[in-house]
Novice: 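This structure is in structure tokens; I'll ask about it shortly.
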Amino acid sequence: MENKRVILAVALSFVVLLGWQFLFPTQPQQPVPVQTQQSVKKQETVKGPVSNQFPDPMTTSAIVSAKGTKLKVETPLYSAVINSQGGLLENFKLKLYKETIEANSPDVDMVGSNALDKAPMGLILNGIPTWTRGVWGYEGKDLSLDGDKIGTLIFRGEVEGFRIERRLTFHADNYLIDEDVRILNVSNPSGQGRLAFTTATKSLSADGDRYNPTRISWYGADGLQTEHDREDLQKTGIEVTGDLNWGAIDSNFFILALVPESKDVTIKGKVQDDIFRVAAEHTASFDKGIERKLTCSYFFGPMDPTYMNKVPGNLAAAIDFGWFDIIAKPLTIALEWFNQYVHNYGISIILLTIAIKLLFWPLSQKSYKSMEQMKRLQPMVAKLREKYGDDKERLNKESMQLYKTYNVNPAGGCLPMVLQIPVFFGLYKALLGTVALRHADFITHFPFTDIIWLADLSAKDPLYITPIVMGATMFLQQKMTPSAGDPTQQKIMMLLPLVFTFMFLNFPAGLVVYWLVNNVLSIAQQWIITRKVK
């Protein structure tokens, strides 16, 4: 009886955790409002209207796009178009990632046509949109890079008394773009000023995708922080000043990051006209006749540690699975290891499930044995309830004595379940936020039909077959588990499969496959143990 209560408590706690994730899939780390100061010794965050702090062009509803020569950059990873009028990025298409799973789906464009008017990769100098004012020229030609080659495009312009040179270096083996900017004050009376590197993009996730929001992130001395509340980003935006490594627009799968060389920087972000914008702004001196050099790196690509680990500023810290990060990351490594041999992430998930099951096998053995022993003691427990039903203290004392006499641990049956909860949530986070699983298929079509089925393990099962079968296996497990003497508890336990099935309907198919296979293995193990005990 006590064993059943413990299992019930654990199961209900599990439902609460799952339900919380279902209703509130992510919780942003909220910045602490403080007053803006010039000190950069400690990171500071300001939540408030950014419109007065951003240069004017960043607050208008639209920015006139530059008209110049379009220069193309081709690598095995992406194709990009750069406008010679100020070096604006017009598009950046990822060759290895498609918008949808359809055969004719276009490549993912990290910019998008609607974002062009917000000037991705545009420089803002003292509030001046450099791409719309002054005269620009360029040096170089279309780049076609492969292997580990790099190529550079140079843009030179004169903007209201400033002579500007932008050197953009592209890498064939990474999504990284390095920029060196040289600024010479020729005739502008300004001495102190600000230079902002910027980028912009449409939403990186589908509308209403609560499990994969587009957000603005930044990383510095206080670690990773994010803001994804669309309403807050539209009304107030974010402004962070201090010891900062980078600022970015990102989702579970893709990221556009600004990585300035100097950490003495202000990161600003906002959503305008449904376009996400972020800027890394430096305060600098621009005295006449003195050339000033500033550098920044851009990363426009997948949230893939293979590439992000090569970017300065610890950009890979953007890949974060929350509380379960320490479990989720090893699981993603294990999935990748299996997949390099089987080349199917669905099969890789099954193999990972078997590996996890083998890891917990000894504990499960003890659990099922304990449950069977408890089942044998149920008639004795029932007699004690009849005899001491009105005396709870005496009933508990006699029950514990009974367990001690027969060397049975009432809580022994729930230990494996408790230990597997972190593993479950770690895998949940991994499957939800690993770009390798985006559009990864398992069984593309339902057998003997042309109906699309498990063609994307990061999305829900479109036919709801796997969650329903998973619920059926949970029901079978409940029937095999020793029943409690309390009818109310028994009814609650029998409702759990229905509750889980409902929650799993919209979970990633890969996660459902894991839980389904885990249930089948548990049923087989429990059946084997039951036969041995008998």
Side-chain angles (χ1 to χ4, degrees), residues 65-96 107 109-111 116 119-125 129-131 134-159 162-184 186 195-201 246 248 255-262 265 279-280 282 284 291-302 306-313 315:
S65 300
K67 294 181 180 180
T69 303
K70 299 180 188 297
L71 299 171
K72 297 180 180 179
V73 180
E74 293 283 346
T75 78
L77 299 177
Y78 63 85
S79 63
V81 174
I82 312 295
N83 196 304
S84 65
Q85 182 67 17
L88 293 188
L89 180 66
E90 294 201 359
N91 63 60
F92 196 95
K93 297 181 179 180
L94 308 183
K95 295 182 177 181
L96 305 183
D107 295 338
D109 185 356
M110 295 297 290
V111 177
L116 182 56
M121 280 182 63
L123 289 183
I124 299 177
L125 177 61
T130 60
W131 59 95
V135 179
W136 284 86
Y138 69 94
E139 179 180 322
K141 58 183 180 178
D142 292 350
L143 300 175
S144 182
L145 308 173
D146 56 17
D148 58 355
K149 294 180 180 178
I150 62 174
T152 301
L153 296 175
I154 302 174
F155 304 93
R156 297 186 178 94
E158 293 200 12
V159 180
F162 290 98
R163 189 171 296 163
I164 303 173
E165 179 182 276
R166 302 186 67 181
R167 290 177 175 263
L168 299 175
T169 301
F170 301 84
H171 301 254
D173 58 355
N174 206 327
Y175 299 91
L176 181 67
I177 304 172
D178 296 317
E179 174 168 16
D180 292 327
V181 178
R182 290 176 171 85
I183 299 176
L184 177 63
V186 178
L195 178 70
F197 299 90
T198 73
T199 192
T201 183
W246 51 261
I255 182 170
L256 296 93
L258 302 175
V259 188
E261 182 180 51
S262 172
V265 66
H282 297 266
E291 184 179 83
R292 181 66 188 266
K293 179 181 176 181
L294 294 168
T295 63
C296 182
S297 295
Y298 305 86
F299 184 91
F300 304 140
T306 303
Y307 301 105
M308 297 173 72
N309 282 327
K310 299 176 183 179
V311 179
L315 183 61

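We use all heavy atoms of the structure for the numbers below, so side chains are in, but hydrogens, waters and symmetry mates are not.
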Novice: Roughly how far, to the nearest 0.5 Å, is the CH2 atom of Trp136 from the CZ atom of Arg156?
Specialist: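 Arg156 CZ to Trp136 CH2: 10.5 Å, rounded to 0.5 Å.
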Novice: State which residues pass salt bridge (Lys or Arg N to Asp or Glu O under 4.0 Å) with Lys95; sequence neighbours excluded, sorted by chain then number.
Specialist: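 Lys95: salt bridge (Lys or Arg N to Asp or Glu O under 4.0 Å) contacts with Glu74.
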Novice: Would you give the length of the straight line joining atom CG of Asn91 to atom OG of Ser79, rounded to the nearest 0.5 angstrom?
Specialist: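 It comes to 6.0 Å.
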Novice: Work out which heavy atom in Ala280 is nearest to a heavy atom in Pro260; give both atom names and the distance.
Specialist: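 What the structure gives for the nearest pair is CB-CG, 4.3 Å.
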Novice: With sequence neighbours excluded, what pairs up with Glu261 under the side chain to side chain donor-acceptor pair (under 3.5 Å) test?
Specialist: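 Scan of Glu261 (side chain to side chain donor-acceptor pair (under 3.5 Å), adjacent residues dropped) gives Thr295.
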Novice: Given side chain to side chain contact (heavy atoms under 4.5 Å, CB included), test Val159 with Ile164 step by step and report yes or no.
Specialist: CA-CA 7 Å; Val159 180; Ile164 303 173; 4.1 Å; yes
Novice: Measuring from Glu165:CD to Lys293:NZ, what's the distance to the nearest 0.5 Å?
Specialist: 10.0 Å
Novice: State the CD-OG1 distance between Gln85 and Thr69, to the nearest 0.5 angstrom.
Specialist: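 If I round to the nearest 0.5 Å, the distance is 9.5 Å.
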Novice: So, for Leu89 and Ala80, which heavy atoms are closest and what is the spacing to 0.1 Å?
Specialist: CD1-CB, 4.2 Å
Novice: Could you report the tightest heavy-atom contact between Leu88 and Ala119, atom names first, then the distance?
Specialist: CD2-CB, 4.0 Å
Novice: Tell me, with the steps shown, if Phe197 and His282 meet side chain to side chain contact (heavy atoms under 4.5 Å, CB included).
Specialist: CA-CA 9 Å; Phe197 299 90; His282 297 266; 3.7 Å; yes
Novice: Going from CG on Leu77 to CG on Asp173, what distance comes out if it is rounded to the nearest 0.5 angstrom?
Specialist: 7.5 Å
Novice: Do you know the tightest heavy-atom contact between Ala284 and Arg292?
Specialist: CB-NH1, 3.2 Å
Novice: Does some side-chain heavy atom of Leu168 sit less than 4.5 Å from a side-chain heavy atom of Val73?
Specialist: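 In short, these two side chains do not touch, never coming nearer than 4.5 Å.
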Novice: Yes or no on side chain to side chain contact (heavy atoms under 4.5 Å, CB included) for Leu71 and Phe155, after CA distance, side-chain angles and deciding distance?
Specialist: CA-CA 11 Å; Leu71 299 171; Phe155 304 93; 3.8 Å; yes
Novice: Would you be so kind as to tabulate the donor-acceptor pairs closer than 3.5 Å made by side chains of residues 176-184, with sequence neighbours excluded?
Specialist:
from   : atom 1 : to     : atom 2 : distance (Å)
Asp178 : OD1    : Ser297 : OG     : 2.8
Asp178 : OD2    : His171 : NE2    : 2.8
Glu179 : OE1    : Arg166 : NH2    : 2.9
Glu179 : OE1    : Tyr298 : OH     : 2.6
Glu179 : OE2    : Arg166 : NE     : 2.4
Glu179 : OE2    : Arg166 : NH2    : 3.0

Novice: If you take all heavy atoms of Glu90 and Leu116, which pair is closest and at what distance?
Specialist: CA-CD1, 3.7 Å
Novice: If the condition is ring pair (Phe, Tyr, Trp, His ring centres under 6.0 Å), which residues does Phe92 pass it with, not counting sequence neighbours?
Specialist: Tyr78, Phe300
Novice: Nearest heavy-atom pair of Ala200 and Leu256: which atoms, and what distance?
Specialist: O-CD2, 4.2 Å
Novice: Taking only distance into account, with no hydrogens and no angle test, what donor-acceptor pairs under 3.5 Å do side-chain atoms of residues 141-148 form with protein atoms, sequence neighbours excluded?
Specialist:
from   : atom 1 : to    : atom 2 : distance (Å)
Asp142 : OD1    : Lys72 : N      : 2.9

Novice: Apply side chain to side chain contact (heavy atoms under 4.5 Å, CB included) to Lys310 and list each qualifying residue two or more places apart in sequence or on a separate chain.
Specialist: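 Scan of Lys310 (side chain to side chain contact (heavy atoms under 4.5 Å, CB included), adjacent residues dropped) gives Asn174.
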Novice: With side chain to side chain contact (heavy atoms under 4.5 Å, CB included) as the criterion, how do Val311 and Tyr175 come out once you've worked through the C-alpha distance, each side chain's angles and the decisive distance to 0.1 Å?
Specialist: CA-CA 9 Å; Val311 179; Tyr175 299 91; over 6 Å; no
Novice: When you measure from the side chain of Thr130 to the backbone of Leu123, do you find a donor-acceptor pair of N or O atoms at a distance under 3.5 Å?
Specialist: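 Yes; at least one donor-acceptor contact below 3.5 Å.
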